[in-house]
There are 4 protein chains.
Amino acid sequence: MNNHPPETGLSFERVVFFSDAVFAIVITLLVLELKVPHLTDHSESALRGALVGLLPRVAGFVISFLIIGLMWIEHHRIFRYIADYDLGLLWRNLLLLLCVSFVPFPTALFSENFWSRTAFILYTASFGGVAIAKYWIWRHAMAARLVKPDLTPEFEKRIARRSLAVPLACLLAIILSFVSIVLAPISFAFIPIFARLLDPTSKKKSESAMANEEAAA
Amino acid sequence: MNNHPPETGLSFERVVFFSDAVFAIVITLLVLELKVPHLTDHSESALRGALVGLLPRVAGFVISFLIIGLMWIEHHRIFRYIADYDLGLLWRNLLLLLCVSFVPFPTALFSENFWSRTAFILYTASFGGVAIAKYWIWRHAMAARLVKPDLTPEFEKRIARRSLAVPLACLLAIILSFVSIVLAPISFAFIPIFARLLDPTSKKKSESAMANEEAAA
Amino acid sequence: MNNHPPETGLSFERVVFFSDAVFAIVITLLVLELKVPHLTDHSESALRGALVGLLPRVAGFVISFLIIGLMWIEHHRIFRYIADYDLGLLWRNLLLLLCVSFVPFPTALFSENFWSRTAFILYTASFGGVAIAKYWIWRHAMAARLVKPDLTPEFEKRIARRSLAVPLACLLAIILSFVSIVLAPISFAFIPIFARLLDPTSKKKSESAMANEEAAA
Amino acid sequence: MNNHPPETGLSFERVVFFSDAVFAIVITLLVLELKVPHLTDHSESALRGALVGLLPRVAGFVISFLIIGLMWIEHHRIFRYIADYDLGLLWRNLLLLLCVSFVPFPTALFSENFWSRTAFILYTASFGGVAIAKYWIWRHAMAARLVKPDLTPEFEKRIARRSLAVPLACLLAIILSFVSIVLAPISFAFIPIFARLLDPTSKKKSESAMANEEAAA
């Protein structure tokens, strides 16, 4: 599958680069949702009042920024172990970027319609989509042998299993949102617990080994 | 033509990088067309109703995202076989990027005026423009010997011939749009058939050789 | 902490690249605040009058552009001495980028509400946030031994101390803004003085050694 | 001046990269000025009529795209001969990028106020600013010995002299615009003539040598 004609080595870098650029643009476009209030009264108190009214949008900006930042770190993590690509990887990566570039829309929707279940579900689904695409990328990289040759099969499988933690948490959040929109975000606190359940071998290791591995993975 | 003064090797990378950045920005700007509905009624059903009304725009966003993604992969494909550049390549590449960066406009136009023939023609013409510019880049790279030295003349010509499949499909789609706007998009299904007709040598090869080549090309 | 599994060396570059892309996007988005006046009277004098009215916004654009440029140069400076990264560095860097990407908002606010103390404080706080994040990145890089191995501990500490000059100036500016909004920006003139006070060893050196070091740092 | 502490070699690339990203964003933002007409009458003829009314804006988009593309190629050209940087180069480059990122404003202004002298002067001045900054970068690179060591002093001076052609043409265009706004753009046709006058040594060479040099420079 990987017997490419000779090439510069630029190509795989381009895939990573293109992804980084999309992440960077999306994370920066979020601030455009913070529209400056047009006041007729230019007093300090009127301005402060208008800014306080913007706080839900500021919160949306900060939260979406941090989540996209987290997704970028996650993307970063799996691509460190990938050495090559094929057409299947490109399309799966485009699907991931499609979900990432969609995020500003539910962020804006959520800021306008605070505590709306519809907005919360769209928001959660777009992050869940990123996580599923990431899982799908890794499964494909394993199957098509695009991963670095020195990874152990055990290590590859552990990354795959752990990658299911975020989609599971998103699914739980969407289900819980029908019970209570305030309770639903608690699901995301389960991500480390799900990751531990899906990857039980990590428990046997000592604290310091874990820390090393965390930094590496 | 290519006896440049000594350089860092950074230069060709800059051309590819600049192109990637334009692709990444255009693909990410598409989401800005998804304007959040400003509702007076903040009920879940009103919001859901407004979102259903946005579905044509969401479809436009997803389709344009995937098509620009495809164009990026196509750009990627030919630039893997290019080793150097000259002024002619730079301007042809700028023409390609001009067509790419124009895409958000007909995408927005199409979302506002669903099933409009004028919008469909502009949309198709901008993708056709990208495909023609790509063909023109490759012809120039062949003529000015900017391609990698280890490519066979036969392989170079096959890439050129196959590159005509998309412009032909776009032309057919524009002609068909005068008959029926619903039928016209079917033209794009002809792309693989056109590619096969334009590159008949590919038929003689075995299935598995084709798969390898596909992944490589 | 840094015993990563084998990797391409692409990874650290990605962190720097991602940061550069965010800086580039933010610095370019600033111009979007310069809205073209929609005039009913298309005479040259009406247009010139409208443009004169835009001068505070143009000033805001130029000042924010130069400050973000300065912050990019500062980011550049410390990352030249960093050789590796870990999760802690990634999150501190994301915090810095969060503050950078927030800048267009107070810039727009300031242009709309000239001489408003609230706008000035938000503006100063976002730059102060960048400077604090930068200090925090460097402290972490020192503690986690992510800096280049050939730096002397003395040199590392001097960079840390000097990095406190900008946060101190921002704090002074915010305090002064309660006395006088016109006087407050004078605080920024104290940055080189604070830097000299925080890094007294630099005084002992000859002029030419300083110049070299300035160019290098 | 250039005795930096040890570094990765990433740094100079960052300067070039950051510049490319700004160019790419500005060139892509231009399309945002093409606002989709919101029609009440959804007939094909109404849409075609609205699109014809957009033609001045489309022309502005294409012209600005090509001019920014040209400026990017020019930036590309001089940076191929630069091997190192210092603080002076960074600030001169930021000045160039400030002028580049300002271009969307006069482009939009020009589209709204066709044949306005004020808009034309702002438009020309921003391109002139880029050209002057480019000249200033090159003069500084020569003086601070940041250019590649294998360039001859004669070659360096020729690049400097030729770089004055665009600022001179912009100056002429601004002066002519007071006589006639229709005549003023003709000034830009003088750029190759100015370049030849400023660099008379190029005349002595044979046609084919010139072509090589053109491609290289």
Side-chain angles (χ1 to χ4, degrees), chain B residues 1-29 32-33 84-91 93-95 97-122 144 181, chain D residues 9 12-13 16-17 19-39 42-51 54 57-58 61-62 65-66 68-70 72-73 75-77 79-83 148-152 155 208 211-217:
Chain B
M1 199 88 175
N2 304 326
N3 52 348
H4 305 286
E7 39 171 308
T8 49
L10 192 69
S11 303
F12 181 62
E13 216 177 279
R14 271 192 81 173
V15 181
V16 171
F17 168 84
F18 183 74
S19 310
D20 278 355
V22 170
F23 274 106
I25 299 158
V26 171
I27 216 170
T28 319
L29 287 182
L32 297 184
E33 268 314 304
D84 206 348
Y85 70 97
D86 60 8
L87 210 55
L89 193 90
L90 288 183
W91 280 109
N93 195 45
L94 272 177
L95 182 72
L97 297 177
L98 175 66
C99 294
V100 169
S101 77
F102 185 69
V103 167
F105 179 71
T107 300
L109 199 72
F110 209 31
S111 308
E112 287 267 315
N113 304 276
F114 220 49
W115 300 122
S116 148
R117 195 202 306 141
T118 311
F120 179 79
I121 291 175
L122 260 185
I181 188 71
Chain D
F12 182 62
E13 217 178 279
V16 170
F17 169 84
S19 311
D20 278 356
V22 170
F23 273 106
I25 299 158
V26 171
I27 217 170
T28 319
L29 287 182
L30 293 172
V31 82
L32 297 184
E33 267 314 303
L34 295 178
K35 303 256 190 285
V36 167
H38 295 280
L39 303 170
H42 278 267
S43 71
E44 293 286 335
S45 60
L47 185 57
R48 269 199 302 271
L51 289 177
L54 274 176
R57 281 172 178 276
V58 173
F61 162 67
V62 172
F65 190 99
L66 293 179
I68 293 177
L70 182 65
W72 174 71
I73 291 177
H75 190 266
H76 201 98
R77 278 184 175 179
F79 272 79
R80 278 171 75 173
Y81 300 122
I82 297 178
K148 296 207 174 145
D150 40 14
L151 297 185
T152 62
F155 187 80
S208 72
N212 278 336
E213 206 171 349
E214 279 298 314

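Per chain, numbering begins at 1; letters A, B, ... match sequence-line order.
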Quiz prompt | Contacting region of D:Ile68 [heavy-atom separation from chain B under 4.5 Å] | solution = neither
Exercise. State, yes or no, whether a side-chain contact exists between D:Leu54 and B:Phe105 at a heavy-atom distance under 4.5 Å.
Key: yes
Exercise. Check whether B:Phe18 gets within reach of chain D through its side chain, its backbone, both or neither, counting any heavy atom under 4.5 Å.
Key: both
Quiz item: Is there side-chain contact between B:Leu94 and B:Trp91, with at least one heavy-atom pair below 4.5 Å?
Solution: yes
Exercise. State, with a plain yes or no, whether a side-chain heavy atom of B:Leu87 is found less than 4.5 Å away from one of D:Arg77.
Key: yes
Quiz prompt | D:Leu34 versus chain B, the contacting section by heavy-atom distance below 4.5 Å | solution = both
Quiz item: By a 4.5 Å heavy-atom criterion (distance strictly below it), what part of D:Leu66 contacts chain B: side chain, backbone, both, or neither?
Solution: both
Practice problem: Could you tell me which of D:Leu29, D:Leu70, D:Leu30 has the largest number of non-hydrogen atom pairs under 4.5 Å with chain B? | Solution: D:Leu70
Quiz item: Do B:Leu122 and B:Phe110 come within less than 4.5 Å of each other through their side chains, counting heavy atoms only?
Solution: no
Self-check item: Residues forming a salt bridge (Lys or Arg N to Asp or Glu O under 4.0 Å) with D:Arg57, sequence neighbours excluded
Solution: D:Glu33, D:Glu112
Quiz item: When only pairs under 4.5 Å are counted, which of D:Leu32, D:Val31, D:Val62 shares the most heavy-atom pairs with chain B?
Solution: D:Val31
Self-check item: Contact class of D:Phe23 relative to chain B, heavy atoms under 4.5 angstrom
Solution: both
Exercise. Give, as side chain, backbone, both or neither, the part of D:Leu51 having an atom under 4.5 angstrom from any heavy atom of chain B.
Key: side chain
Practice problem: Check side-chain hydrogen bond (donor to acceptor under 3.5 Å, both in side chains) between D:Thr28 and all other residues, then give those that pass, not counting sequence neighbours. | Solution: none
